[in-house]
Asks: 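First the structure, then my questions, so here it is.
The model shown is predicted, which means the values in this text are computed figures rather than measured ones. Quick note on labels: first sequence line is chain A, next is B, and so on, each numbered from 1.
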There are 4 protein chains.
Amino acid sequence: MKDENKRHKILQAAIKVFSEKGFYNSRVSEIAKEANVADGTIYLYFRNKDDILISLFEEEFGKIVKNMRAALEKDPDPLKKIRRFAMTHLSIVSKQQELGEVMGVEVRQSSKFMKEYINKPFIEYLNIIRSVVIEGQEKGLIRKDLTPGIMKRAFFGALDEMARYWVLSTQKKHSIDDAALQISDVFIRGMMSEEARENYPWPP
Amino acid sequence: MKDENKRHKILQAAIKVFSEKGFYNSRVSEIAKEANVADGTIYLYFRNKDDILISLFEEEFGKIVKNMRAALEKDPDPLKKIRRFAMTHLSIVSKQQELGEVMGVEVRQSSKFMKEYINKPFIEYLNIIRSVVIEGQEKGLIRKDLTPGIMKRAFFGALDEMARYWVLSTQKKHSIDDAALQISDVFIRGMMSEEARENYPWPP
Amino acid sequence: MKDENKRHKILQAAIKVFSEKGFYNSRVSEIAKEANVADGTIYLYFRNKDDILISLFEEEFGKIVKNMRAALEKDPDPLKKIRRFAMTHLSIVSKQQELGEVMGVEVRQSSKFMKEYINKPFIEYLNIIRSVVIEGQEKGLIRKDLTPGIMKRAFFGALDEMARYWVLSTQKKHSIDDAALQISDVFIRGMMSEEARENYPWPP
Amino acid sequence: MKDENKRHKILQAAIKVFSEKGFYNSRVSEIAKEANVADGTIYLYFRNKDDILISLFEEEFGKIVKNMRAALEKDPDPLKKIRRFAMTHLSIVSKQQELGEVMGVEVRQSSKFMKEYINKPFIEYLNIIRSVVIEGQEKGLIRKDLTPGIMKRAFFGALDEMARYWVLSTQKKHSIDDAALQISDVFIRGMMSEEARENYPWPP
DNA sequence: CATGAATGAGCTTTCATTCAT
DNA sequence: AATGAATGAAAGCTCATTCAT
């Protein structure tokens with residue numbers, strides 16, 4: 001198993017095939033064909049079909065988590081971080097549509113057993129939002145009566161549903177950036193503390 | 001009618017089985033067993049396995065849409081309608097956990113062909129939110145720079161992600177009502193127009 | 001699973017196919033074809049391919065054990081029982097050549113796990129010989145310094161090797177009855193006690 | 001010779017692996033691993049997997065035949081030769097358990113095509129017994145009404161079944177030497193001519 | 001209308017064998 | 001000569017669907 005490159009080729013092929021047909025309607029042989037390898041070769045790099053999806057999440061989602069963290073470091077302001085999260089998230093999805101499709105569509109489908117595996121990086125991703133919310137609360141910018149654990153899911157859910165729509169719809173009605181701005185704007189205003197609203201008006 | 005009753009029994013069985021194992025990991029024979037009918041009987045009422053899921057959505061979702069419309073009519077105030085939507089949505093999900101699970105988990109998984117069928121009642125459901133947002137904008141309560149089509153998805157997505165978490169998690173950390181209140185509160189404050197904020201303070 | 005007859009048909013087909021190609025070189029689809037059923041039908045009656053072989057042994061060998069016991073009851077004399085065992089054994093094998101082939105050839109090949117299952121009726125069969133030897137010893141006809149557990153295997157092995165040769169060879173050099181007589185004769189004379197040799201001359 | 005040495009290493013590995021799992025449940029890659037060579041290397045020394053087993057028999061069985069012949073030469077007396085055959089056979093099996101296991105278990109399993117190859121040295125081995133029987137008959141020690149071809153199979157079968165039991169059973173009930181003595185003793189007494197019994201009493 | 005045994009297409013996965021290095 | 005990654009044919013098994021009863 002010299003060829004780390006081949007593993008990557010298979011994962012890329014899997015993203016494409018899964019995004020087109022969904023996990024359960026995808027055939028291992030289609031992935032092999034798309035990756036220009038023999039069916040058997042897949043099994044040199046992955047234990048089984050499930051393992052392809054799991055690896056996809058662990059590795060690709062891992063990268064995304066890393067990139068997101070890097071993107072947010074630029075902004076010291078938690079409120080701006082929220083906006084940036086939205087922009088970055090939807091930009092990732094729009095740039096890697098197929099990956100986005102697999103993420104958004106497939107995360108929820110697999111058997112509950114698989115969900116455990118998949119959830120790890122996913123929860124990590126969600127917790128980026130949670131950290132920002134907590135940071136905002138500590139700095140007095142976000143209302144303390146809001147539960148960070150609820151906010152992280154609400155915000156992610158809002159973006160994710162939007163992304164799914166955008167990715168699946170053939171004619172893109174709304175600009176994806178516009179959606180990111182509107183959604184983050186609503187969340188920021190909605191979560192802002194009273195003091196912040198006076199001293200630190202939004203939009204900046 | 002004996003007929004209609006058996007069809008219903010099958011659909012109820014399908015909800016249970018799909019919610020436990022997911023569509024692709026459910027066997028037609030399991031649904032038959034759960035419904036206390038023979039495998040073949042299923043095919044007297046449904047064209048095929050896909051048709052069971054499609055019918056599930058059309059019929060069960062249809063009821064939900066109807067109930068939601070009825071629930072919102074009680075409130076003339078668009079902002080309160082938003083809160084009520086959240087409360088009702090999460091209450092439906094928590095009361096009919098299995099159906100909620102199927103809705104949340106399965107809507108997104110099936111082949112794109114099926115999605116079209118499933119989408120119809122789903123879009124209708126989303127458009128309830130859209131109408132409320134438009135109504136709010138017309139009454140000057142909601143900012144006019146927000147796109148109703150984006151808001152409907154963002155709000156639904158926020159609630160849905162929360163519902164999914166709540167439904168799948170074994171130990172329910174957050175009260176589902178609390179989540180509904182916080183999420184709707186953030187959206188209402190976030191979407192409110194400047195004038196409304198002065199004349200019509202939130203929470204009421 | 002109404003049709004007990006169909007199960008039997010499959011087992012008969014399996015005997016034929018296994019005897020021709022050996023267990024590992026037999027295809028489930030070949031058995032299905034030979035039995036005039038669909039591939040899937042096999043799995044309504046048997047858990048898997050292994051289960052076919054296991055069932056074959058449990059059921060067919062069971063019958064043989066029963067028949068052998070019945071055959072031996074006719075003779076009160078242990079020495080004559082030994083001869084009859086040989087005659088009956090080789091006659092079973094020669095009449096049901098294919099079954100004999102599967103028995104002789106396949107018993108020893110399967111994984112050690114399977115062997116346990118298969119061994120049960122086999123040991124039972126061997127123990128028929130053991131009982132006869134013990135009976136002979138009690139009656140003073142067979143030397144007491146011979147271990148019944150060794151004799152049972154030696155005698156069975158002698159017959160079995162002969163049967164295997166006879167079954168596999170295309171041109172049958174030796175008459176199978178002649179072989180049965182010679183082998184049992186050698187064992188009887190060889191195991192006889194000194195007193196028996198005087199009072200109870202062999203052949204009778 | 002480096003070459004011949006590697007070939008030998010592979011055969012030794014094959015004996016080990018085949019004896020543990022059986023031919024069909026053994027993987028070529030396992031043999032390669034056990035022999036510390038690459039998978040592909042095996043195919044420099046053997047045509048295919050079947051060829052490994054065939055070579056095993058031809059070469060290892062060949063040695064055994066040679067050793068057995070040498071062992072028997074020490075005894076001029078055919079009856080003693082029979083006893084020595086039993087002792088030597090079971091001692092070989094007990095000393096080279098793994099090889100014995102492969103011999104006993106695998107000889108009979110492979111496809112009929114393979115059997116032809118395997119049978120050659122096997123028949124040769126059997127014919128050692130045959131020669132002894134004939135020699136015994138010529139010297140008037142063994143009854144002339146016994147067919148040497150039947151006796152060779154019966155005697156070998158008796159020993160082989162014992163060996164198989166001894167090799168496969170984890171707790172060895174019977175001493176292997178004791179078994180060899182008892183079995184050969186029964187055969188010798190059983191085959192002895194009347195005159196020999198008087199002039200040449202057994203045991204010597 | 002209802003049944004459930006039977007079907008067989010089609011899937012994932014394995015593994016003996018090859019061949020570029 | 002030696003390697004071991006790559007191959008792809010082939011097999012066991014599943015399960016949606018049918019249809020004789």
Side-chain angles (χ1 to χ4, degrees), chain A residues 1-7 10 24-33 35-52, chain B residues 1-3 6-7 10 24-33 35-52, chain C residues 1-7 10 24-33 35-52, chain D residues 1-3 6-7 10 24-33 35-52:
Chain A
M1 287 181 219
K2 232 195 308 236
D3 213 339
E4 189 50 39
N5 179 41
K6 190 155 287 183
R7 186 189 160 84
I10 294 170
Y24 283 102
N25 289 310
S26 296
R27 306 295 142 229
V28 172
S29 62
E30 291 175 298
I31 298 172
K33 204 176 194 181
N36 273 320
V37 293
D39 291 20
T41 304
I42 302 237
Y43 291 86
L44 295 176
Y45 295 93
F46 302 93
R47 252 189 313 283
N48 51 38
K49 195 184 163 189
D50 282 10
D51 191 38
I52 303 176
Chain B
M1 224 157 298
K2 205 191 205 173
D3 217 29
K6 191 158 284 184
R7 185 189 161 85
I10 295 169
Y24 284 102
N25 289 311
S26 297
R27 307 292 146 232
V28 171
S29 61
E30 289 176 295
I31 298 173
K33 203 178 196 179
N36 276 319
V37 294
D39 292 19
T41 305
I42 300 229
Y43 290 85
L44 297 174
Y45 295 92
F46 302 92
R47 255 191 313 283
N48 51 37
K49 193 185 166 189
D50 282 9
D51 191 37
I52 303 176
Chain C
M1 288 179 219
K2 238 195 299 241
D3 214 338
E4 190 48 40
N5 179 42
K6 189 154 287 184
R7 185 190 161 85
I10 294 169
Y24 283 103
N25 290 310
S26 297
R27 306 293 142 229
V28 171
S29 61
E30 289 175 299
I31 298 173
K33 206 177 194 178
N36 274 319
V37 293
D39 291 20
T41 305
I42 303 239
Y43 292 87
L44 295 176
Y45 296 91
F46 302 93
R47 253 190 312 284
N48 50 39
K49 195 184 164 191
D50 282 9
D51 190 37
I52 302 176
Chain D
M1 226 157 296
K2 204 192 205 173
D3 218 27
K6 192 159 284 185
R7 184 189 161 86
I10 294 170
Y24 283 103
N25 290 311
S26 297
R27 307 292 145 230
V28 171
S29 62
E30 289 176 295
I31 299 173
K33 205 178 194 178
N36 276 319
V37 294
D39 293 19
T41 305
I42 300 227
Y43 291 85
L44 296 174
Y45 296 92
F46 302 92
R47 253 190 316 283
N48 51 37
K49 194 184 165 189
D50 283 9
D51 190 36
I52 302 175

Asks: When the distance from CG of B:L44 to C1' of E:dG4 is rounded to whole Å, what number comes out?
Replies: 12 Å

Asks: When rounded to the nearest 0.5 angstrom, what is the spacing between CG in A:L44 and CD1 in A:I10?
Replies: 8.0 Å

Asks: Atom CD1 of A:I31 and atom C1' of F:dG8: how far apart are they, to the nearest Å?
Replies: 17 Å

Asks: Just verifying a value: how many Å separate B:I31 CD1 and B:T41 OG1, rounded to the nearest 0.5 Å?
Replies: 13.0 Å

Asks: Distance check: side-chain N/O of C:R27 vs OP1/OP2 of F:dA10, anything under 4.0 Å?
Replies: no

Asks: For A:D39 and for C:N48, find the nucleotide of DNA chain F with the closest heavy atom, then tell me which residue's nucleotide is more 5'.
Replies: A:D39

Asks: With DNA chain E as reference, determine whether D:S26 or C:N36 sits nearer its 5' end, using the nearest nucleotide of each.
Replies: C:N36

Asks: What's the closest nucleotide to the side chain of A:K49 if the choices are E:dT13, E:dT17, E:dT3?
Replies: E:dT13

Asks: If you fit an axis to the five pairs at each end of the helix from E:dA2-F:dT21 to E:dT21-F:dA2, how big is the angle between those two axes, to 10 degrees?
Replies: 10°

Asks: Expressed in angstrom and rounded to an integer, what is the separation of B:D50 atom CG from F:dA16 atom C1'?
Replies: 10 Å

Asks: Got a second to check how far C:R7's CZ is from C:I42's CD1, nearest 0.5 Å?
Replies: 11.5 Å

Asks: When rounded to the nearest 0.5 angstrom, what is the spacing between CG in C:D39 and NZ in C:K33?
Replies: 10.0 Å

Asks: Respond yes when some side-chain nitrogen or oxygen of C:Y45 is under 4.0 Å from OP1 or OP2 of E:dA6, and no when none is.
Replies: yes

Asks: Just how far, in rounded Å, is C1' of E:dC11 from CD of A:E30?
Replies: 11 Å

Asks: May I ask you to verify if any side-chain N or O of A:K6 is less than 4.0 angstrom from the OP1 or OP2 atom of F:dA6?
Replies: yes

Asks: Between B:F46 (CZ) and F:dT18 (P), how many Å, whole number?
Replies: 15 Å

Asks: Considering heavy-atom distances to DNA chain F, does C:V28 or A:T41 have its closest nucleotide positioned more toward the 5' end?
Replies: A:T41

Asks: From F:dT17, E:dT13, E:dT7, pick the nucleotide closest to the side chain of C:A38?
Replies: E:dT7

Asks: Does a nitrogen or oxygen in the side chain of B:S29 sit under 4.0 Å from OP1 or OP2 of F:dC15?
Replies: no

Asks: Indicate yes or no: at least one non-hydrogen side-chain atom of B:Y24 is less than 4.5 angstrom from one of A:N25.
Replies: yes

Asks: If you check the B:V37 side chain, which of E:dT3, F:dA2, F:dA6 turns out closest?
Replies: E:dT3

Asks: What is the distance from OH of A:Y43 to C1' of F:dT7, rounded to the nearest Å?
Replies: 14 Å

